[in-house]
Amino acid sequence: MHPAVPRRLTGFFARGRLTSIPVRATVRHELLVHLTGTLFETERTYTEGEVNEAFRTVHEDTSALRRYCVNDGLLVRERDGSSYRRAHA
């Protein structure tokens with residue numbers, strides 16, 4: 001399992017992989033907070049490819065995870081889509 005998965009989220013993981021993205025917004029947000037906190041450094045800028053590579057370690061639908069994180073304000077994307085960074089807490 002991914003490092004320190006919150007107990008409430010363990011049902012969404014099998015063999016260290018995310019089996020589904022939660023439909024309920026509050027649970028999905030909790031999952032996204034966990035993923036961004038463990039996959040991305042705070043002061044680093046990432047290319048879209050690097051973001052996809054990080055998300056691919058847990059789930060194949062990298063575009064959905066990326067979009068949800070941007071929409072929830074957990075990742076900040078440059079207007080032209082050239083780079084991403086973890087939002088300040």
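The closest donor-acceptor contact from the side chain of R17 to the backbone of T57 lies under 3.5 Å. The main-chain N or O of Y46 is never found under 3.5 Å from a side-chain atom of S83 such that the two would form a donor-acceptor pair. A donor-acceptor pair under 3.5 Å links the side-chain atoms of R28 to the main chain of V23, judged by distance alone. Under a 3.5 Å cut-off, the side chain of D72 and the backbone N or O of L74 do not form any donor-acceptor pair.
Between F40 and F55, the gap from one ring centroid to the other is short of 6.0 Å.
L32 pairs in a side-chain contact (heavy atoms from CB on, under 4.5 Å) with only one of the listed residues (N71, L65, V27), which is L65.
Few gaps surround CZ on R44; more than 12 heavy atoms of other groups in view lie less than 6.0 Å from it.
By the 4.5 Å heavy-atom criterion applied to side chains, D61 and L18 are not counted as neighbours. In this structure the side chain of I21 reaches within 4.5 angstrom of the side chain of Y68, judged on heavy atoms.
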- Message: I'd like to know whether T47 forms a side chain to side chain contact (heavy atoms under 4.5 Å, CB included) with E50, so could you lay out the CA-CA distance, the side-chain angles of the two residues, the decisive distance to 0.1 Å, and finally the verdict.
- Response: CA-CA 5 Å; T47 65; E50 290 172 320; 3.3 Å; yes
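In this structure, CZ on R24 lies 10.0 Å from CD on E30, to the nearest 0.5 angstrom. N52 contributes atom CG, which lies 10.5 Å from atom CD of E60 (distance to the nearest 0.5 angstrom). Going from atom CZ of R66 over to atom OG1 of T36 covers 15.0 Å, rounded to the nearest 0.5 Å. Taking OH of Y84 as the start and CD of E78 as the end, the distance is 10.5 Å to the nearest 0.5 Å. Between atom CG of residue L39 and atom CD of residue E53 there is a gap of 11.0 Å, rounded to the nearest 0.5 Å. Taking NE2 of H59 as the reference point, atom CZ of F12 lies at 11.0 Å (rounded to 0.5 Å).
The heavy-atom pair separating R8 from T26 by the smallest distance is NH2-OG1, 4.2 Å. Taking each heavy atom of T19 and G11 in turn, the nearest pair found is OG1-O, 4.2 Å. Minimum interatomic distance between A87 and G73 (heavy atoms only, all atoms of both residues): CB-O, 3.1 Å.
Between R86 and E41, none of the side-chain N atoms (NZ, or NE/NH1/NH2) sits under 4.0 Å from a carboxylate O, so this pair counts as no salt bridge.
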